[in-house]
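Quick caveat, the model's predicted, so the values are computed rather than measured. Numbering of residues begins at 1 and proceeds along the displayed sequence.
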Amino acid sequence: MTIVLGINAYHANASAALLLDGELVAAAEEERFTRVKYEVGFPHLAIRYCLHAAGIGPGEVDHIAVAGNPFANIGRKLWFAVGTRAGRHMAPTRGDLVALLRTKRTMAQGLGMDPGALRAKVHFVEHHRAHMASAFYSSPFDRAAVASLDGVGDMVSAMWGVGEGSRLSPRGEVNFPHSLGWFYMGFTQYLGFNKYGDEYKVMGLSAYGEPEFLEDMRDVVRTNRGMGYELNMEYFRHLREIQPLSWRSGAPFQPPVWDRGMVRRFGPVRAGPDEPVEDRHRNVAASMQRRLEEVVLHLLSELRRRTAQDALCLAGGVALNCVANGKVRRETGFRELFVQPAAYDGGTSLGAAQYVAHNVLGRPRTYVMEHAYVGPRYDQPACRRAMEDAGVEYRALAEHEVLGCTADALAEGRIIGWFQGRMEFGPRALGNRSILADPRRPEMKAILNARIKHREPFRPFAPSILESATGEYFEDSYPSPFMLLAYDVRKSKRDEIPAPTHVDGTGRLQTVRRDQNPRYHDLIAAFGRKTGVPVLLNTSFNENEPICCSPAEAVNTFRRTRMDVLVLGDLYAEKRESPGP
Ligand SMILES: [Fe+2]
């Protein structure tokens, strides 16, 4: 047996993934354990979890695959460090680089063991090869075009190529400082969303605006007939004075990258999240989103033309843009599409491990990622303990009772914390760490925001739908198992599922098949039998924090917020007080 441990360290969304003979047996982001959103450090706890889940000792690991290669593009790194003003900020030796180069020692320290007992060979896998590998080697396709569309990693912002069998062959790339991820991040910061990872908020906001500034955006990011793109550096400062991504207590912080050119062209900056959102902000967001779609669809159309492949595999932070993804099959010529659920940097641990297993060691592929449930699982005694420790009264139900009671409560308009099986890998809750609600109620979005999520009113909630019913409710029926594609909701159905239908008539849907998640599938089906609508509103089980991992965190969130019901495996708890609005 060959054991490969993949690691993403000192990059946002530190994570670990473990492959046994090419099969993914466990993966998780470090943030789920440390409870620090987007945790950057070394994934000590995620590594510990992966080894424990597989019943493997650290000394048994054959290969450690580290996402990111300090030696990749070393000439460009040196040029950036010495030749630019921005680089001089980055030039001093960074402790994390040393720690990364001594991966085995760093890992052994975290596990409290002698580094000499780790016999694994360490491989460094360039950032975008790791992203691309995570998409291609997890996909069901034997041959495909593959693209990583991203912010930056190893001084590159995008890479594409072709995958065939066990081989992944990059064909081209775009170098930093030109970056679609930073284009989006620059405007996200300009619009007052200053936290790392706030881009999805702007994607939600963009649906409320008109693309009034689209022509201006074409000057901000330029394309030509080929595969590249360029940022107009009048609008950005990251070539001159940017500090590198830093972190405070594990949470990443990215200083602003927008520059005065943006203010001159688009007006004053929105200073922060407490400032009012005006029409101009909505229109800037809409124009930027539209431009991103134009560039992405242009690149992918060109990739399709050059590679003549029918299937496309996508990863990288920009591949979390479900609005752009939802248009790929319609507008680029690709007929099949796989977007890896942990498309962001968290997924590079998986990709690095797969790259080593297949591209380096030449192992044939047998694994297909049918679902993302590869995180921690807790048995019933652990769930009981969490309830009892918190003094929460519960009933233990039989399987059919769990589904029946929960479907009844949902149909009555109650909000359910739904905690089942193994935690999801990637940023989306897909029915194992989810908060669920009735999609038929137009007021549900406001209720969820007031009682639990406390987030901006313009952000949409997502629908989970039985895969077999997708075409009945959406204009496209191609499966979207990881909630990474947005489709138009059929006009005739918008009044039927108003809560997860966004203002522009789209829904960022999750399609659910029984073989992917039997219990979640059966719950949606039970709700469908009861109401005639085989759809649930699904949002992540958290309140402005990383998604709940353990039963204790779920119970804590249940008690802290105005959630009505908590279902922990077979255990059913409800609050007595009347919920109110
Ligand atoms: Fe990345």
Subject >> Counterpart residues, side chain to side chain donor-acceptor pair (under 3.5 Å), relative to Y378 (two or more places apart) >> reply: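 None.
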Original post:
Of all residues at least two apart in sequence or in a different chain, which pass the side chain to side chain donor-acceptor pair (under 3.5 Å) check with D154?
Top reply: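 Listed in chain order: K77.
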Checking side-chain polar atoms at under 3.5 Å, does [X] have a donor or acceptor matched by the opposite partner on [Y]?
X    : Y    : result
N13  : S15  : no
N432 : Y520 : no
D345 : H127 : yes
Y184 : Q289 : yes
S157 : Y229 : yes
N538 : S464 : yes
D150 : H131 : yes
Q354 : S138 : yes
T188 : E199 : no

Residue list, ring-ring contact (aromatic ring centres under 6.0 Å, His included) with [X], at least two apart or on another chain:
X    : result
H178 : none
F124 : none
H298 : none
H128 : none

Original post:
Do L5 and I47 have side chains that get closer than 4.5 Å, going by heavy atoms?
Top reply: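 In contact.
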Original post:
Do R237's NZ or CZ and the ring of W258 fall within the cation-pi criteria of under 6.0 Å and 45°?
Top reply: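 Verdict for W258: a cation-pi partner in R237.
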**OP:** Kindly indicate whether a cation-pi arrangement holds for R428 with F482, taking the cut-offs as under 6.0 Å to the six-membered ring centre and within 45° of the axis.
**Re:**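 Cation-pi check for R428 and F482: fails.
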Applying salt bridge (charged side-chain N to carboxylate O under 4.0 Å, His left out), name anything that partners [X], two or more places apart in sequence or on another chain.
X    : value
R335 : D310
R102 : none
R222 : D219

State plainly whether the residues [X] and [Y] are in salt-bridge range, i.e. N to O under 4.0 Å.
X    : Y    : answer
E336 : R329 : no
R167 : E164 : no
D198 : K201 : yes
K37  : E31  : no
R32  : E39  : no
K327 : E293 : yes

Subject >> side chain to side chain donor-acceptor pair (under 3.5 Å): pairs with one or both residues in residues 60-69, sequence neighbours excluded >> reply: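 Sorted pair list: D62-R119, H63-H123.
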For [Y], does its backbone N or O pair with a side-chain atom of [X] as donor and acceptor, under 3.5 Å?
X    : Y    : result
R433 : S540 : no
R508 : A486 : no
Q516 : R513 : yes

Subject >> Over 12 non-hydrogen atoms of neighbours within 6.0 angstrom of NZ in K104 >> reply: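 Enclosed.
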Original post:
What is the ring orientation for F419 with F541, classed by angle as parallel under 30°, tilted 30 to 60°, or perpendicular over 60°?
Top reply: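 It falls in the perpendicular class, over 60°.
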Original post:
Under the ring-ring contact (aromatic ring centres under 6.0 Å, His included) rule, what pairs show up with a residue in residues 332-367, not counting sequence neighbours?
Top reply: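 Those involving residues 332-367 are Y137-H358.
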Per-pair distances, 0.1 Å, donor-acceptor, side chain in residues 17-27, under 3.5 Å, sequence neighbours excluded:
from	atom 1	to	atom 2	distance (Å)
D21	OD1	T2	N	2.8
E23	OE2	T366	OG1	2.9

